[in-house]
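Keep in mind the model is a prediction, meaning the values are calculated, not measured.
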Amino acid sequence: MPRKQSHIAPDWWDYTTLDDSLINDAARLSVRDLQQLSRPGFKVVMYDTLEDFYLAEALEYINAWRQSTADNPVGICGPIGPTEQLPLVARLVNELGISLKTAHFWGMDEWYDAATKKEVPITHPLSFEKADRELCFRRIDRKLVMPDANLHFPTADIAAFTKTWKAGVRCAVMQGGQGDIKHWAFNDPLKRAGKYKSAPPSPEEYRKLGTRVVELHPVTLAQNARTSGGGNVTMVPKMAITVGPKETWMADKVSIWHAGAHDNPLGQRLTAFMISKGIADSAVPMSLLADHPNVQFNYFRGGIGSVAVEMH
């Protein structure tokens with residue numbers, strides 16, 4: 001039986017092409033049901049306050065960097081969205097006096113300028129590198145912060161960035177949020193074209209993708225305009241550079257943070273349900289983490305909401 005056409009972007013694959021029964025099963029999950037989705041290799045954790053939520057997220061940075069030594073350097077790969085943990089990371093490093101001289105950091109993604117064929121400059125208002133530096137690294141005491149050479153931000157020179165993943169530095173954690181289109185980083189569903197006209201890529205095909213320049217799903221553009229640009233979608237680049245599944249599977253752990261500010265109540269349920277049940281489908285990229293050996297979903301209980309009709 002042929003796959004459904006997308007309900008929101010007919011030229012793309014996305015979660016709306018799933019069987020309705022799967023979507024409806026996820027929509028019915030209560031908060032208690034979500035907690036019970038944990039299984040070996042997949043853990044669901046709940047937080048009752050945003051303070052506890054973001055502190056726990058910040059502590060993942062601290063716990064990863066504390067493992068780093070000159071002989072065995074360790075890093076973390078972190079997102080822009082959520083960002084609330086970043087100033088907390090800097091404060092913790094400074095207050096605890098943790099030297100980061102051997103520690104590393106990878107940015108997950110960056111906007112791509114199709115006109116210049118380069119990453120957007122750090123002066124761009126939506127620059128992810130700019131956000132990381134301003135919210136975190138420039139706030140860390142100079143005596144403690146890692147050398148600039150240990151900060152790895154995605155650029156149009158894909159080979160140089162991917163080389164840093166193979167340079168003997170262990171990625172203890174890859175953090176992320178979840179977008180409306182069910183991605184981590186900018187691993188969006190692919191367009192419904194060419195050999196993927198009738199079916200999306202198999203999970204095995206998608207998982208082979210490494211860091212690359214991607215065209216973004218229209219929902220992702222709208223979301224970034226909403227969360228970062230006051231709704232001005234015209235300022236959001238249509239392309240980005242993103243770490244891929246290849247780098248993701250090099251991380252010891254993948255930790256996804258659901259504060260309720262990015263994906264909606266259905267999305268927060270759907271991907272957890274699919275990962276828990278081992279249902280991997282590249283139209284829902286986050287579901288591919290069903291095959292990663294160590295995944296944790298972190299929820300702010302007050303941001304989970306319910307999949308119910310409310311007229312506003």
* Asked: Is there a donor-acceptor pair closer than 3.5 Å between any side-chain N or O of Gln175 and the backbone N or O of Val254?
  -> no
* Interatomic distance, Glu119 atom CD to His124 atom NE2 [nearest 0.5 angstrom] -> 12.0 Å
* Using the benzene-type ring in the case of Trp, are the ring centres of His258 and Phe297 under 6.0 Å apart? -> yes
* **Ser287 side chain to Asp281 side chain, donor-acceptor N/O pair below 3.5 angstrom** => no
* **Enclosure of Lys277 NZ (heavy-atom neighbours >12, cutoff 6.0 Å)** => no
* **Reported CD-to-OG1 distance for the pair Glu247 and Thr164, which is rounded to 0.5 angstrom** => 8.5 Å
* Row check, Trp13 ring normal vs Arg192 NZ/CZ: under 6.0 Å, within 45° -> yes
* Considering only heavy atoms from C-beta outward, does the side chain of Thr271 approach that of Gln178 to under 4.5 Å? -> yes
* Beyond-backbone contact of Val93 with Ile62, side-chain heavy atoms, under 4.5 angstrom -> yes
* To do: Verify the distance criterion only: is there a donor paired with an acceptor across the side chains of Asp14 and His217 at less than 3.5 Å?
  => yes
* **Flag side-chain contact, heavy atom, 4.5 Å: Pro201 against Leu190** => yes
* Going by distance alone, is a donor N or O of one side chain under 3.5 Å from an acceptor N or O of the other, for Glu60 and Ser255? -> yes
* To do: Any chance you could lay out the side chain to side chain contact (heavy atoms under 4.5 Å, CB included) test for Phe42 and Val44, step after step, and finish with the verdict?
  => CA-CA 7 Å; Phe42 178 56; Val44 175; 3.8 Å; yes
* Between Trp106 and Ile76, is any pair of side-chain heavy atoms under 4.5 Å apart? -> no
* Indicate the atoms forming the closest heavy-atom contact of Asn94 with Asp141, along with that distance. => OD1-N, 2.8 Å
* Asked: Should we count CZ of Arg39 as having more than 12 external heavy atoms under 6.0 Å?
  -> yes
* Asked: Side chain of Glu57, backbone of Phe53: donor and acceptor closer than 3.5 Å?
  -> no
* Asked: Aromatic ring centroids of Tyr54 and Tyr47 under 6.0 Å?
  -> no
* Has the side chain of Ser228 got a donor or acceptor atom that lies under 3.5 Å from a matching backbone atom of Ala225? -> no
* Gly75 to Ala64 - nearest heavy-atom pair and separation -> O-CB, 4.4 Å
* Measuring from Leu270:CG to Leu29:CG, what's the distance to the nearest 0.5 Å? -> 9.5 Å
* Asked: Taking C-beta and beyond as the side chain, do Val284 and Met274 meet within less than 4.5 Å on heavy atoms?
  -> yes
* Asked: If you measure only the distance, is there a donor-acceptor pair under 3.5 Å linking the side chains of Arg3 and Thr17?
  -> yes
* Counting N and O atoms only, with roles assigned by atom type, does the side chain of Asp252 sit under 3.5 Å from a partner on the main chain of Val173, one being a donor and the other an acceptor? -> no
* Polar contact flag, side-chain donor to acceptor under 3.5 angstrom, Glu205-Ser282 -> no
* Asked: Mind checking whether Trp249 and His292 have ring centres under 6.0 Å apart?
  -> yes
* Distance (rounded to the nearest 0.5 Å) between Asp109 CG and Glu129 CD -> 12.5 Å
* Between CG of Leu288 and NZ of Lys182, what distance do you get to the nearest 0.5 Å? -> 14.5 Å
* To do: Please assess Phe161 against His152 for the test ring pair (Phe, Tyr, Trp, His ring centres under 6.0 Å), listing each intermediate value before the final yes or no.
  => CA-CA 7 Å; Phe161 179 73; His152 313 295; 7.5 Å; no
* Does a side-chain N-to-carboxylate-O contact under 4.0 Å join Asp157 and Lys118? -> no
* Asked: Any donor and acceptor pair, going by atom type alone, linking the side chain of Tyr112 with main-chain N or O of Thr155 inside 3.5 Å?
  -> no
* Asked: Okay, side chain of Thr227, backbone of Gln223: is any donor-acceptor separation there less than 3.5 Å?
  -> yes
* Asked: Between Arg212 and Asn187, is any side-chain donor less than 3.5 angstrom from a side-chain acceptor?
  -> yes
* Residue pair Gln35 / Asp33, side-chain donor-acceptor N/O under 3.5 Å -> no
* Please indicate whether Lys208 has more than 12 foreign heavy atoms, meaning atoms of other residues, nucleotides or ligands, lying under 6.0 Å from its NZ. => no
* Determine yes or no for a side-chain-to-main-chain donor-acceptor pair under 3.5 angstrom, with Ser38 supplying the side chain and Lys43 the backbone. => no
* Asked: Does Asp148 come within less than 4.0 Å of Arg133, counting only side-chain N to carboxylate O?
  -> yes
* Residue pair Leu221 / Lys238: nearest heavy atoms and the distance that separates them -> CD2-CA, 3.8 Å
* Stepwise, does the side chain to side chain contact (heavy atoms under 4.5 Å, CB included) test hold for Leu59 with Leu55? -> CA-CA 6 Å; Leu59 284 171; Leu55 178 59; 4.1 Å; yes
* For the residue pair Val214 and Met239, establish whether any side-chain heavy-atom pair is separated by less than 4.5 Å. => no
* Asked: Between the side chains of Ser21 and Asp19, is a donor N or O closer than 3.5 angstrom to an acceptor N or O?
  -> yes
* Asked: So, does Ser68 use its side chain to make a donor-acceptor pair with the main chain of Trp65 at under 3.5 Å?
  -> no
* Report the C-alpha separation of Phe186 and Asn224 in whole Å, then their side-chain angles, then the decisive distance to 0.1 Å, and conclude whether the side chain to side chain contact (heavy atoms under 4.5 Å, CB included) test is met. => CA-CA 11 Å; Phe186 276 130; Asn224 278 272; 3.9 Å; yes
* Under a 4.0 Å N-O cut-off, is there an ion pair linking Glu215 with Lys191? -> yes
* Asked: Taking C-beta and beyond as the side chain, do Pro245 and Trp184 meet within less than 4.5 Å on heavy atoms?
  -> yes
* **Expected output: side-chain Lys130 to main-chain Pro125 donor-acceptor under 3.5 Å** => no
* To do: Of all the heavy-atom pairs spanning Val74 and Ala172, show the shortest one and how long it is.
  => CG1-CB, 3.7 Å
* Distance-minimising heavy-atom pair for Ala290 and Gly278 -> CB-CA, 4.0 Å
* Asked: Is there a side-chain contact between Ile98 and Leu144 (heavy atoms, below 4.5 Å)?
  -> no
* Taking the six-membered ring for Trp and the single ring otherwise, decide whether the centroids of Trp12 and Tyr196 are under 6.0 Å apart. => no
* Write down the atom of Thr220, the atom of Ile181, and the distance for their closest heavy-atom approach. => OG1-CG2, 3.3 Å
* Asked: Side chain of Lys253, backbone of Met174: donor and acceptor closer than 3.5 Å?
  -> no
* Inter-residue atom distance Thr102.OG1 - Asn72.CG, 0.5 Å rounding -> 9.5 Å
